[in-house]
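The structure appears right after this line, and notes come after that.
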Protein chains: 2
Amino acid sequence: MTRKAKHPIERYEARARVAKALAHPSRLLMLDALSERELCVCELTELVGADQSTVSKHLSILKQAGVVADRKEGTMTFYRLKICCLQEFWTCIESVLRQNLEDQQAVIGDRCAPGSR
Amino acid sequence: MTRKAKHPIERYEARARVAKALAHPSRLLMLDALSERELCVCELTELVGADQSTVSKHLSILKQAGVVADRKEGTMTFYRLKICCLQEFWTCIESVLRQNLEDQQAVIGDRCAPGSR
DNA sequence: TTGCCTCTTGGCAATATTGCCATTCAACCA
DNA sequence: TGGTTGAATGGCAATATTGCCAAGAGGCAA
């Protein structure tokens, strides 16, 4: 089990950088909102409920990762999704969560199953 | 732009916990290897090239997130993927990386385009 | 039992992330 | 020009992540 050409570590580092950008609740919330329409920083700030500077930094992380793009209009900055695969991302994450829930329920079911005393 | 029922923060926290488990190059490498077959900790350790205890901790993070499951056999522990949606996850991440690359090339292209001097 | 092997856990230092405040910047208006 | 507004940046403390070494824990075999 060696790595070499089959598993270039740089590839996984690049992937991890993108995944890391997606791994924060506030950023996920913003992405979900942005999947409907373009939004300015002020709207996103209100949505997230954090300090404006915090939201701005989150957005710069997403932008750096290539997940969103921005557009200036006067004094405002509008952000929009740059990728269309987010739905697949949600689907994957949600399927993990759903499976976890089922596993938990299975444990409870076993413990309280009729005839299990 | 309010949150309320439409955007329960707990949902995004749960999603972020899973995404965070996926956001590390060594863990992504292991997941990729596990997508082919079940592997023991010793094999994964050799693959990753880190200390065995480090790999064990990475695996416990993946297990905690519900992404992998383990099975003991004698003194060895085998890990396997617990989800089947990882391909979609790769697809999404890779499409971001590909888009980033295209954007970079577009910039270079503009800068060096014929007649742009 | 003892010793060996595989893996997990505790502990710790180095590093990275997060979120606020304060400040700066840029566009707009009076 | 100065003032206002929306956004980005600097700085900093609190927190989380990472990865190693050392120390268990458990199975197996002599």
Side-chain angles (χ1 to χ4, degrees), chain A residues 1 3 9-10 12-31 33-34 37-80, chain B residues 1 3 9-10 12-31 33-34 37-80:
Chain A
M1 176 62 58
R3 198 179 323 116
I9 193 62
E10 297 80 11
Y12 295 98
E13 285 170 351
R15 287 177 173 183
R17 274 193 292 275
V18 175
K20 209 176 279 192
L22 299 176
H24 189 286
S26 298
R27 296 199 284 270
L28 291 181
L29 170 60
M30 290 194 285
L31 290 176
L34 289 172
R37 65 179 178 87
E38 190 181 64
L39 293 167
C40 67
V41 176
C42 53
E43 288 172 307
L44 290 165
T45 298
E46 191 188 358
L47 172 69
V48 171
D51 192 273
Q52 180 268 315
S53 69
T54 299
V55 172
S56 188
K57 281 181 182 173
H58 279 308
L59 286 167
S60 106
I61 290 170
L62 289 173
K63 183 181 168 185
Q64 168 71 26
V67 181
V68 302
D70 62 340
R71 175 179 69 83
K72 313 264 183 191
E73 187 175 315
T75 68
M76 293 163 75
T77 307
F78 287 90
Y79 281 86
R80 64 178 181 282
Chain B
M1 177 61 57
R3 200 179 324 117
I9 194 63
E10 297 80 11
Y12 295 99
E13 285 169 351
R15 287 177 173 182
R17 274 191 292 273
V18 176
K20 209 175 280 191
L22 300 176
H24 188 286
S26 298
R27 296 199 286 267
L28 292 181
L29 171 59
M30 292 193 284
L31 290 176
L34 289 172
R37 64 179 178 90
E38 191 181 63
L39 293 167
C40 67
V41 176
C42 53
E43 288 172 308
L44 290 166
T45 298
E46 191 187 357
L47 172 69
V48 170
D51 191 273
Q52 183 269 316
S53 70
T54 300
V55 171
S56 187
K57 280 182 182 173
H58 278 310
L59 287 167
S60 106
I61 289 170
L62 289 173
K63 183 180 168 186
Q64 168 70 27
V67 181
V68 302
D70 62 341
R71 175 179 70 84
K72 313 265 184 191
E73 187 176 316
T75 69
M76 293 163 71
T77 308
F78 288 91
Y79 280 86
R80 65 178 180 281

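Order of the sequence lines sets the chain letters (A, B, ...), proteins ahead of strands, with each chain counted from 1.
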Atom-to-atom span, CZ of A:Arg71 to C1' of C:dA27 - whole angstrom: 15 Å
Length of the line joining B:Leu22:CG and D:dT18:P, which is rounded to integer Å: 12 Å
Whole angstrom value for the distance that separates P of D:dA25 from CG of B:Asp70: 19 Å
Whether B:Thr45 side chain and B:Val41 backbone form a donor-acceptor pair below 3.5 Å: yes
Selected nucleotide, minimal atom distance to B:Met76 side chain, candidates C:dT18, C:dT6, C:dT17: C:dT6
Side-chain-base donor-acceptor pair under 3.5 Å for A:Lys72 and D:dG6: no
Sugar-phosphate, base or nothing in reach of B:Phe78, heavy atoms under 4.0 Å: nothing
Nucleotide D:dT15, atom C1' - distance to NE2 of A:His24 in whole Å: 11 Å
Under 4.0 angstrom between A:Tyr79 side-chain N/O and D:dG6 OP1 or OP2: no
Distance, rounded to the nearest Å, where B:Leu59 contributes CG and D:dG19 contributes C1': 14 Å
Side-chain-base donor-acceptor pair under 3.5 Å for A:Ser53 and C:dC21: yes
Sugar-phosphate only, base, or nothing, as touched by B:Thr54 at under 4.0 Å among non-hydrogen atoms: base
Closest to the B:Val41 side chain, choosing from D:dA7, C:dC7, C:dT18: C:dC7
Rounded distance [0.5 Å steps], CE in B:Met76 versus CG in B:Asp70: 13.5 Å
Touch class at under 4.0 angstrom, heavy-atom based, for A:Lys57 against every strand present: base
Expected output: side-chain B:Arg27 to main-chain B:Ala21 donor-acceptor under 3.5 Å: yes
A:Gln64 atom CD, neighbour heavy-atom count above 12 within 6.0 Å: no
Nearest-nucleotide 5' precedence on DNA chain C, A:Thr75 against A:Ala23: A:Ala23
Euclidean distance, atom CD of residue A:Gln52 to atom P of D:dG10 [Å, nearest integer]: 15 Å
Sidechain-backbone polar pair: B:Glu43 side chain, B:Cys40 backbone, donor-acceptor under 3.5 Å: yes
Nearest-angstrom distance from the residue atom CG of A:Leu44 to C1' of D:dG6: 13 Å
B:Asp51 CG - C:dC7 C1' separation (whole Å): 12 Å
Phosphate-side-chain proximity, A:His58 and C:dT17, N/O vs OP1/OP2 below 4.0 Å: no
OP1 or OP2 of D:dA8 under 4.0 Å from side-chain N/O of A:Ser56: yes
Residue closer to the 5' end of DNA chain D, B:Ile61 versus A:Val55 (nearest nucleotide): A:Val55
